[in-house]
Amino acid sequence: MTAAYHDPIALDLEIPIWERFFTVSPLVVIGSREPKGNYNLAPKHQAMPLGDGNYFGFICTQCHHTYQNIVREKAFTVSFLRPNQVLSASLAAAPRDADDQKLSLCALPTVTATVIDGRLLADITLGLECQLLKIVDGFGDNSLIAGKIVAASVDDEALRTAAEDDQDILLRSPLLAYLSPGRYAKIDHSYSFPFHVGSHP
């Protein structure tokens with residue numbers, strides 16, 4: 001028996017399409033240095049590796065402090081959270097007060113970056129330290145911020161090794177995913193992708 005086929009629904013491109021369906025992406029927290037020497041943390045989900053090398057990028061709006069800090073300081077950090085740290089992402093997204101301070105950040109434990117002048121969230125699965133490579137403007141009000149990874153650290157429970165099955169690693173150290181718009185998920189099960197003979201990921 002074949003599955004029932006449903007005709008796709010054409011979407012109106014006069015308005016952004018991305019809230020009409022769910023998409024999956026990582027949920028990370030970007031760290032940047034503020035003008036007075038303190039540090040800002042902000043969650044981002046439009047974020048990804050750039051190519052196969054040690055590059056990472058994310059989308060940010062020019063009016064945000066994150067964008068302005070990175071333009072000035074030429075560096076940023078990336079914290080990949082555990083599923084039980086989703087509240088940390090929420091606190092990092094809190095608005096600033098009348099003095100332009102984000103007081104909720106005081107509740108978030110952080111560690112000092114090893115190469116750049118920055119902070120990472122504590123107890124994360126993966127931390128990246130990046131030097132600014134380039135910024136590509138022009139995506140409406142948004143820009144792509146691209147960085148070169150100059151330091152990286154991963155929790156030993158999340159590190160892949162040839163001696164252990166990948167599924168066992170995910171059970172021990174599940175991933176946090178953002179389901180845009182407005183939901184999140186814990187990923188602790190996966191399946192081997194059926195690559196065709198001779199093909200590459």
Side-chain angles (χ1 to χ4, degrees), residues 16 18-19 21-34 36-49 56-61 63-70 73 75-114 116-130 142 145 147 149 151-160 166-190:
W18 301 108
E19 293 198 359
F21 45 81
F22 287 109
T23 55
V24 181
S25 57
L27 179 58
V28 301
V29 170
I30 302 295
S32 58
R33 188 176 185 272
E34 301 263 65
K36 294 182 179 180
N38 54 320
Y39 299 94
N40 181 48
L41 297 169
K44 304 291 180 185
H45 72 274
Q46 294 174 325
M48 63 180 176
F56 190 86
F58 67 96
I59 296 294
C60 188
T61 303
C63 64
H64 286 179
H65 285 248
T66 298
Y67 179 100
Q68 298 161 13
N69 291 342
I70 294 172
E73 301 294 331
F76 60 92
T77 64
V78 186
S79 298
F80 283 77
L81 310 181
R82 303 175 189 275
N84 63 5
Q85 292 177 305
V86 69
L87 181 59
S88 297
S90 178
L91 289 172
R96 292 172 180 261
D97 63 14
D99 295 323
D100 202 31
Q101 299 297 312
K102 198 186 292 188
L103 297 179
S104 60
L105 297 183
C106 297
L108 298 179
T110 62
V111 296
T112 304
T114 60
I116 70 166
D117 185 357
R119 305 287 293 180
L120 293 143
L121 284 174
D123 197 33
I124 54 177
T125 58
L126 173 65
L128 307 177
E129 301 176 33
C130 300
N142 299 299
I145 297 180
I149 300 169
S153 59
V154 63
D155 182 75
D156 59 352
E157 291 193 339
L159 182 65
R160 295 181 68 216
D166 284 341
Q167 177 54 53
D168 293 334
I169 297 172
L170 283 173
L171 283 172
R172 183 178 66 237
S173 183
L175 303 178
L176 173 62
Y178 187 74
L179 306 181
S180 182
R183 300 184 70 84
Y184 72 95
K186 179 175 77 171
I187 299 177
D188 58 8
H189 281 76
S190 68

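In what follows, every heavy atom counts, from backbone to side chain, and hydrogens, waters and symmetry copies are set aside. Please read these numbers as outputs of a predicted model, since none were measured by experiment.
Side-chain contact between Thr125 and Ser173: present, with at least one pair of heavy atoms (C-beta onward) separated by less than 4.5 Å. The side-chain heavy atoms of Ile149 and Cys130, taken from C-beta on, include a pair separated by under 4.5 Å. Contact of the Tyr39 side chain with the Asn69 side chain is not registered, since no non-hydrogen atoms from C-beta on lie closer than 4.5 Å. Two residues are said to be in side-chain contact when any heavy atoms from C-beta on lie closer than 4.5 Å; Ser180 and Trp18 fail this criterion. When side chains are defined from C-beta on, Thr66 counts as touching Phe58, because their heavy atoms get closer than 4.5 Å. Side-chain atoms of Leu176 and Arg82, non-hydrogen and from C-beta on, never get closer than 4.5 Å to each other. No side-chain heavy atom of Ile30 sits under 4.5 Å from any side-chain heavy atom of Ile145. Between Tyr67 and Thr61, every side-chain heavy-atom pair lies at or beyond the 4.5 Å cut-off.
The backbone N or O of Cys63 sits less than 3.5 Å from a side-chain atom of Gln68, completing a donor-acceptor pair. Between the side chain of Thr110 and the backbone N or O of Arg119, no donor-acceptor pair lies under 3.5 Å. For the pair Glu73 (side chain) and Ser32 (backbone), a donor-acceptor distance under 3.5 Å is absent. Looking at Gln85, its side chain does come within 3.5 Å of a backbone N or O of Asp123 through a donor-acceptor pair. Counting only distance, with no hydrogens or angles, the side chain of Thr77 and the backbone of Leu120 share no donor-acceptor pair below 3.5 Å.
Taking both residues in full, the closest heavy atoms of Ala89 and Val29 are given as CA-CG2, 4.4 Å, listed atom of the first, atom of the second, then distance. For the residue pair Tyr178 and Arg183, the shortest heavy atom distance occurs at CD1-O, 3.4 Å. In terms of heavy-atom proximity, Phe76 sits nearest to Ile116 at O-CD1, 3.3 Å. Between Ile169 and Ala158, the shortest heavy-atom contact is CG2-O, 3.9 Å.
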### Task
Under the side-chain contact (heavy atoms from CB on, under 4.5 Å) rule, what do Ile124 and Phe80 come out as? Steps first, then yes or no, please.
CA-CA 6 Å; Ile124 54 177; Phe80 283 77; 5.6 Å; no

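Residue Asn40 is tested with Lys102, His65, His64, Glu34 for a side-chain hydrogen bond (donor to acceptor under 3.5 Å, both in side chains); the sole match is Lys102. Each of Leu175, Leu171, Leu170 was scored for a side chain to side chain contact (heavy atoms under 4.5 Å, CB included) with Ser190, with one residue passing: Leu170.
Applying the salt bridge (Lys or Arg N to Asp or Glu O under 4.0 Å) rule to Arg160 yields the partners Asp166; only residues at least two apart in sequence or on another chain are considered. Take Asn38 and apply the side chain to side chain donor-acceptor pair (under 3.5 Å) test, not counting sequence neighbours, and it matches no residue.
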